[in-house]
Number of protein chains: 2
Amino acid sequence: MAHKRAANSRSRPVGGETGEAGPGEKALDLSALTEITGYPLRRAQLAVFDDFNRRFASLGLSPAQYSALVAIGDNPGRKQSEIAGALGIQRPNFVAMMDELERRGLAERLRSDADRRSHALALTRSGSELVARARLVQDEQERAIAQLLGPEGRERLVALLRRLAKIE
Amino acid sequence: MAHKRAANSRSRPVGGETGEAGPGEKALDLSALTEITGYPLRRAQLAVFDDFNRRFASLGLSPAQYSALVAIGDNPGRKQSEIAGALGIQRPNFVAMMDELERRGLAERLRSDADRRSHALALTRSGSELVARARLVQDEQERAIAQLLGPEGRERLVALLRRLAKIE
DNA sequence: TATTGTTATACTCTATAACTATA
DNA sequence: TATAGTTATAGAGTATAACAATA
């Protein structure tokens with residue numbers, strides 16, 4: 001006995017091929033999701049981060065670690081809570097991040113004389129060298145994205161995303 | 001996804017935390033991050049999902065639940081593993097999702113006679129009604145995004161994200 | 001043997017309360 | 001009292017192995 005529910009007949013454009021349909025399987029209609037912003041935004045973010053993780057596997061850096069090292073390197077002497085806040089990371093969650101970066105000798109917490117409660121963050125020489133190499137790997141990802149979207153497509157995307165995220 | 005933003009279910013324009021410190025604090029230089037794709041992509045995704053959670057709090061739907069209900073509604077009778085696969089959700093992780101949707105009377109698992117191993121998924125009447133209302137709420141978010149980016153900006157963004165996610 | 005749904009599990013990310021030491 | 005860093009903890013989200021029922 002077939003179980004045919006009355007198909008949802010909501011008007012939608014044709015050609016909504018989506019989802020990873022296996023071989024021999026008909027693709028599902030996900031057009032109602034792929035046409036809204038949130039769904040492709042999430043899928044694209046996961047795809048870009050997966051690609052990032054593959055590229056950075058040999059450097060042993062996650063996206064969060066890369067962003068922390070770059071933020072510290074470009075803003076040395078800032079308080080731990082300032083770096084965390086700028087990156088949108090809760091202060092408690094940034095503690096383990098700094099523990100790990102410090103354990104690997106990439107960043108350090110310097111006790112401030114002015115305010116002995118706070119930690120001024122900085123990269124070690126080793127950390128600076130790793131970030132320099134990491135930026136080159138990151139440049140490769142940007143070139144790959146520019147190849148996929150076109151250089152102006154990539155720039156337009158970044159500009160639109162910044163507006164949406166209200167950063168910068 | 002945790003959304004414990006109690007006592008605040010009013011809808012607001014899309015946008016997240018900027019990472020800028022409080023008054024009297026100099027802004028950090030995050031230009032090396034905001035100019036690459038991955039960082040604003042992640043921040044924008046979080047901002048849009050936060051906005052989604054505020055808008056959908058009264059309907060009690062997370063982004064993942066909304067996408068599952070829409071996928072089932074537009075593809076009734078498909079196997080549980082097909083819906084999960086199309087959404088990029090691991091099959092084991094989709095079990096709890098279906099348990100919850102079934103518990104709330106929004107979707108149901110129908111035993112297939114052709115292959116008694118599989119579950120054919122469908123929305124209940126209640127689920128269809130909720131999805132219909134949810135689509136209207138989602139339309140409001142899209143209008144808010146179109147207001148922020150311009151209608152053609154929003155459409156361009158979605159097209160670029162789909163290319164990047166390699167969906168469709 | 002292979003597949004579907006499931007259970008169990010582990011690991012990450014995130015959010016909150018509360019502690020300590022300083023201010 | 002307030003702030004910076006920390007600890008502890010709880011909740012999602014996600015990934016993998018393995019099992020029972022079925023093909």
Side-chain angles (χ1 to χ4, degrees), chain A residues 22-25 42-43 45-47 49-50 52-53 60-68 72 77-103 107-121, chain B residues 1-8 16-17 21-25 42-43 45-47 49-50 52-53 60-68 72 77-102 107-121:
Chain A
E25 299 281 356
R42 176 61 171 162
R43 298 296 295 248
Q45 185 260 306
L46 291 173
F49 272 40
D50 278 355
F52 181 102
N53 285 326
L61 290 180
S62 67
Q65 288 172 324
Y66 177 74
S67 66
I72 295 168
R78 291 292 197 141
K79 289 189 295 188
Q80 192 169 308
S81 54
E82 288 180 307
I83 300 291
L87 295 174
I89 300 172
Q90 301 290 329
R91 266 77 78 197
N93 297 330
F94 197 61
V95 174
M97 164 85 69
M98 282 307 305
D99 286 348
E100 174 68 4
L101 296 179
E102 214 167 26
R103 189 193 65 74
E108 52 192 349
R109 296 184 245 224
L110 307 168
R111 208 93 217 182
S112 167
D113 288 338
D115 185 343
R116 305 222 329 272
R117 292 172 300 184
S118 66
H119 291 161
L121 303 188
Chain B
M1 192 162 319
H3 29 93
K4 275 285 151 85
R5 289 277 143 68
N8 194 353
E17 298 304 312
E25 299 282 356
R42 175 62 171 162
R43 298 297 294 249
Q45 184 260 306
L46 291 173
F49 272 40
D50 279 355
F52 181 102
N53 285 326
L61 290 179
S62 68
Q65 288 171 325
Y66 177 74
S67 66
I72 295 169
R78 290 292 197 143
K79 287 189 295 186
Q80 191 169 307
S81 56
E82 288 180 307
I83 300 291
L87 295 174
I89 301 172
Q90 301 289 329
R91 265 75 81 203
N93 296 332
F94 197 61
V95 173
M97 163 84 69
M98 281 307 305
D99 286 348
E100 174 67 6
L101 296 179
E102 215 166 24
E108 51 192 349
R109 295 185 245 222
L110 306 168
R111 209 91 219 185
S112 167
D113 288 338
D115 185 342
R116 305 221 332 270
R117 291 171 302 183
S118 66
H119 290 163
L121 303 188

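All values reported here derive from a predicted model rather than from experimental measurement. Here is the naming used below: chain letters follow the sequence lines, and residue numbers restart at 1 for every chain.
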*Asks:* Out of D:dA4, D:dA23, C:dA17, which has the shortest distance to the side chain of B:R117?
*Replies:*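 My answer, after comparing the listed nucleotides, is D:dA23.
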*Asks:* Tell me: CZ of A:F49 to C1' of C:dC13, nearest whole Å?
*Replies:*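 Those two atoms, CZ and C1', are 12 Å apart.
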*Asks:* Between P on C:dA2 and CG on B:D115, what's the gap in Å once rounded to a whole number?
*Replies:*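 Result: 17 Å.
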*Asks:* On DNA chain C, nearest-nucleotide positions of A:S62 versus A:R111: which is more 5'?
*Replies:*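 Closest to the 5' end, via its nearest nucleotide, is A:S62.
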*Asks:* Just by distance, do the side chain of A:R42 and the backbone of B:Q45 share a donor-acceptor pair under 3.5 Å?
*Replies:* no
*Asks:* Looking at side-chain heavy atoms only, is the closest gap between B:L121 and B:R109 below 4.5 Å?
*Replies:* yes
*Asks:* Would you mind reading off the distance between A:L110 atom CG and D:dG5 atom C1', rounded to a whole angstrom?
*Replies:* 15 Å
*Asks:* On a heavy-atom basis, which atom in B:M98 and which in B:A107 lie closest, and how many Å separate them?
*Replies:*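 Closest approach of B:M98 to B:A107: CE-CB, 4.0 Å.
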*Asks:* Calculate the interatomic distance between A:Q90 atom CD and D:dG5 atom P; express it in whole Å.
*Replies:*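 For the pair A:Q90 CD and D:dG5 P, the rounded distance is 14 Å.
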*Asks:* If you assign each of A:R91 and B:N93 to its closest nucleotide in DNA chain D, which residue comes earlier from the 5' end?
*Replies:*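 Nearest nucleotide further toward 5': that of A:R91.
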*Asks:* Could you check whether any side-chain N or O of A:R116 sits under 3.5 Å from a backbone N or O of A:R111, counting only pairs where one atom can act as donor and the other as acceptor?
*Replies:*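 Checking the backbone N and O of A:R111 against the side chain of A:R116, no donor-acceptor pair under 3.5 Å is found.
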*Asks:* Considering only side-chain heavy atoms of A:S118, which listed nucleotide, D:dT16, D:dG13, D:dA4, is closest?
*Replies:* D:dA4
*Asks:* Provide, to the nearest angstrom, the distance between the CZ atom belonging to A:F94 and the P atom belonging to D:dA8.
*Replies:* 20 Å
*Asks:* Using whole Å, report how far CZ of B:R109 lies from C1' of C:dG5.
*Replies:* 8 Å
*Asks:* Verify side-chain contact (heavy atoms from CB on, under 4.5 Å) between B:H119 and B:I83, making sure each step is shown before the conclusion.
*Replies:* CA-CA 11 Å; B:H119 290 163; B:I83 300 291; over 6 Å; no
*Asks:* Looking for any heavy atom pair under 4.0 Å, which part of the strands does B:R116 touch: base, sugar-phosphate only, or nothing?
*Replies:*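 Sugar-phosphate contact only - B:R116 comes under 4.0 Å of backbone atoms but never of a base.
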*Asks:* Could you tell me whether the phosphate oxygens of D:dT6, OP1 or OP2, come under 4.0 Å of any side-chain nitrogen or oxygen in A:Q80?
*Replies:* yes
*Asks:* Let's see if you can work this out: which of C:dT6, D:dA21, D:dA4 has an atom nearest to the side-chain heavy atoms of B:H119?
*Replies:* C:dT6
*Asks:* Report the distance from atom CZ of B:R42 to atom P of D:dG13, rounded to the nearest whole Å.
*Replies:*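 The distance from CZ of B:R42 to P of D:dG13 comes to 12 Å, rounded to the nearest Å.
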*Asks:* In whole Å, I'd like the distance from the CG atom of A:D50 to the P atom of D:dT14.
*Replies:*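 From A:D50 CG to D:dT14 P: 11 Å.
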